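All of these numbers come straight from a predicted model, not from anything done at the bench.
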Amino acid sequence: MRNPCNTNQTLFLDPTYNGFPVQTHRGPLIRPYLQRLHRVFARALDQYSSLYVVRLDLRFSKREELPDHALTNEPIARFLDSLKAKLDWRDESIRKSHGRVNCHGMRYAWAREIGPYSQRPHYHLVLILNRSAFQSLGNYADPSAPGLYRTCLEAWASAIHQPYDLAEGLVSVVSDGQWHLNRIDQGPYREAFFAASYLCKARSKVFELGVHGFSCSRS
């Protein structure tokens with residue numbers, strides 16, 4: 001079945017993909033997005049025997065008019081570049097101090113959507129990391145506490161040109177949105193992939209503006 005909003009894409013309606021449950025109760029998924037998402041998970045688990053996966057949402061401040069860059073995907077590109085640079089710096093610092101390091105191995109998938117009522121863009125994000133490097137976000141109830149959540153918040157604040165203290169609340173953690181995956185226990189993998197498949201839904205995607213609605217790691 002072709003996507004009526006983008007006839008270059010096919011839609012996916014089945015409740016499972018490659019044996020894993022997916023979220024079609026909100027409408028059809030975009031098959032090419034689902035294929036790419038599955039590949040990201042598979043490659044990450046091929047490289048690392050254990051993974052830490054987290055679902056985040058990234059939003060723009062409602063305290064001001066949307067900046068021009070919100071009409072493009074420049075913010076998410078800057079966020080990912082900033083986050084990777086910060087995690088690379090962390091790895092290098094540990095290597096210099098201890099002689100070895102468990103590298104973060106960051107992979108990701110994101111979806112850009114437009115709120116049906118607010119008509120404002122936002123991003124849904126899945127981060128996949130080597131569990132030997134990260135096992136949690138840290139104390140994300142306290143944005144001032146050191147940890148992965150603070151790093152993500154700093155990267156998003158930089159990406160949208162906001163002071164750090166004004167960016168609080170713009171990076172949210174999805175309820176029950178953290179998982180530890182490994183190659184033996186399929187349960188957490190199924191849960192994480194089911195949650196991540198939300199990014200692949202056709203609903204709330206905008207195709208006519210020439211802005212990509214989905215992207216993910218290539219390696």
Side-chain angles (χ1 to χ4, degrees), residues 12 14-26 29-58 79-80 83-95 97-111 123-141 145-153 155 171-201 214-219:
F12 187 86
D14 296 341
T16 60
Y17 179 81
N18 281 4
F20 295 98
V22 292
Q23 295 193 45
T24 52
H25 61 283
R26 294 180 179 269
L29 307 180
I30 297 173
R31 185 187 295 270
Y33 296 174
L34 195 58
Q35 291 169 335
R36 293 168 66 189
L37 178 69
H38 185 266
R39 192 178 304 125
V40 170
F41 271 80
R43 287 179 174 174
L45 209 52
D46 280 345
Q47 183 174 7
Y48 299 108
S49 61
S50 184
L51 302 172
Y52 170 61
V53 179
V54 60
R55 263 281 288 115
L56 301 171
D57 290 334
L58 310 175
F79 167 79
L80 292 168
L83 180 59
K84 184 177 183 301
K86 291 175 184 296
L87 297 183
D88 286 346
W89 180 87
R90 166 202 171 271
D91 285 359
E92 186 59 26
S93 297
I94 295 174
R95 183 180 289 109
S97 298
H98 302 283
R100 62 182 300 276
V101 63
N102 291 309
C103 294
H104 60 80
M106 185 183 97
R107 287 179 169 86
Y108 61 85
W110 59 258
Y123 292 96
H124 301 301
L125 175 72
V126 174
L127 280 180
I128 305 175
L129 300 161
N130 177 9
R131 189 184 174 192
S132 294
F134 288 98
Q135 299 186 15
S136 75
L137 286 169
N139 181 13
Y140 59 87
L148 180 60
Y149 178 78
R150 181 186 174 93
T151 305
C152 290
L153 189 54
V171 178
S172 57
V173 186
V174 173
S175 179
D176 298 321
Q178 300 181 71
W179 304 269
H180 292 158
L181 278 57
N182 60 61
R183 296 169 182 166
I184 299 173
D185 184 0
Q186 289 288 299
Y189 193 133
R190 293 166 69 88
E191 293 174 6
F193 190 74
F194 178 81
S197 70
Y198 180 85
L199 278 62
C200 303
K201 72 183 194 303
F214 177 91
S215 189
C216 60
S217 309
R218 296 188 177 184
S219 60

> Of the non-hydrogen atoms in Ser50 and Asn130, which two are nearest, and what is the gap between them?
Replying inline: O-OD1, 3.7 Å

> Crowded around Asp176 CG? As in, over 12 foreign heavy atoms under 6.0 Å?
Replying inline: no

> Where the side chain of Tyr52 meets the backbone of Ala133, is there a donor-acceptor pair that is under 3.5 Å apart?
Replying inline: no

> Can you tell me how far CG of Leu34 sits from OG1 of Thr24, rounded to the nearest 0.5 angstrom?
Replying inline: 10.0 Å

>> Could you check whether any side-chain N or O of Ser197 sits under 3.5 Å from a backbone N or O of Phe194, counting only pairs where one atom can act as donor and the other as acceptor?
In response: yes

> Say you draw a straight line from OH of Tyr48 to CG of Leu181; how long is it, rounded to the nearest 0.5 Å?
Replying inline: 15.0 Å

>> My understanding is that only residues two or more places apart in sequence, or in another chain, count here; which of them pass side chain to side chain contact (heavy atoms under 4.5 Å, CB included) with Ala85?
In response: none

> Does the side chain of Val54 reach to within under 4.5 Å of the side chain of Phe134, using non-hydrogen atoms?
Replying inline: no

>> Just so I know, are the side chains of Val126 and Val40 near enough to count as touching, which here means a heavy-atom distance under 4.5 Å?
In response: no

>> Less than 4.5 Å apart, side chain to side chain, heavy atoms only: is that true for Leu87 and Leu148?
In response: yes

> What residues, two or more places apart in sequence or in another chain, satisfy side chain to side chain contact (heavy atoms under 4.5 Å, CB included) together with Arg36?
Replying inline: Arg39, Phe214, Ser215, Cys216

Going by atom type alone, with no hydrogens or angles, which donor-acceptor pairs under 3.5 Å involve a side-chain atom of residues 185-193 and a protein atom two or more places apart or on another chain?
residue, atom, partner, partner atom, Å
Asp185, OD1, Gly187, N, 3.0
Arg190, NH1, Gly19, O, 3.1

> Under the side chain to side chain contact (heavy atoms under 4.5 Å, CB included) test, which residues partner Ser93, sequence neighbours left out?
Replying inline: Trp89

> Which residues pass the ring-ring contact (aromatic ring centres under 6.0 Å, His included) test with Tyr123, sequence neighbours left out?
Replying inline: Trp110

> Once you round to the nearest 0.5 Å, how far does CG of Leu29 lie from CD of Gln23?
Replying inline: 8.0 Å

> Quick one: OH on Tyr108 to CG on Leu125, what's the gap to the nearest 0.5 Å?
Replying inline: 10.0 Å

> Any idea which heavy atoms bring Leu37 and Ala109 closest together, and the distance?
Replying inline: CD1-CB, 3.7 Å

> Taking only residues two or more places apart in sequence or in another chain, which ones pass side-chain hydrogen bond (donor to acceptor under 3.5 Å, both in side chains) with Asp57?
Replying inline: Arg55, His124

> Quick one: side-chain hydrogen bond (donor to acceptor under 3.5 Å, both in side chains) partners of Tyr198, sequence neighbours excluded?
Replying inline: Lys201

> Between Val173 and Gln178, which heavy-atom pair has the shortest distance, and what is it?
Replying inline: CG1-NE2, 4.4 Å

> What pair of heavy atoms forms the shortest contact from Leu45 to Asn182, and how long is it?
Replying inline: CD2-O, 3.7 Å

>> I'd like to check the side-chain hydrogen bond (donor to acceptor under 3.5 Å, both in side chains) partners of Asp88; sequence neighbours left out, ordered by chain and number.
In response: Lys84, His104

>> Going by the rule side chain to side chain contact (heavy atoms under 4.5 Å, CB included), which residues pair with Ala44 if we only count those two or more places apart in sequence or in a different chain?
In response: Leu51, Arg107, Ile128

> In chain order, what residues pass the side-chain hydrogen bond (donor to acceptor under 3.5 Å, both in side chains) check against Arg95, with sequence neighbours excluded?
Replying inline: Glu92

>> How long is the straight-line distance from CZ of Phe79 back to CG of Leu153, given to the nearest 0.5 Å?
In response: 9.5 Å

> Tell me, do Val171 and Tyr149 make a side-chain contact under 4.5 Å, heavy atoms counted?
Replying inline: yes

> For the atom pair SG (Cys200) and CD (Gln35), what is the distance rounded to the nearest 0.5 Å?
Replying inline: 10.0 Å

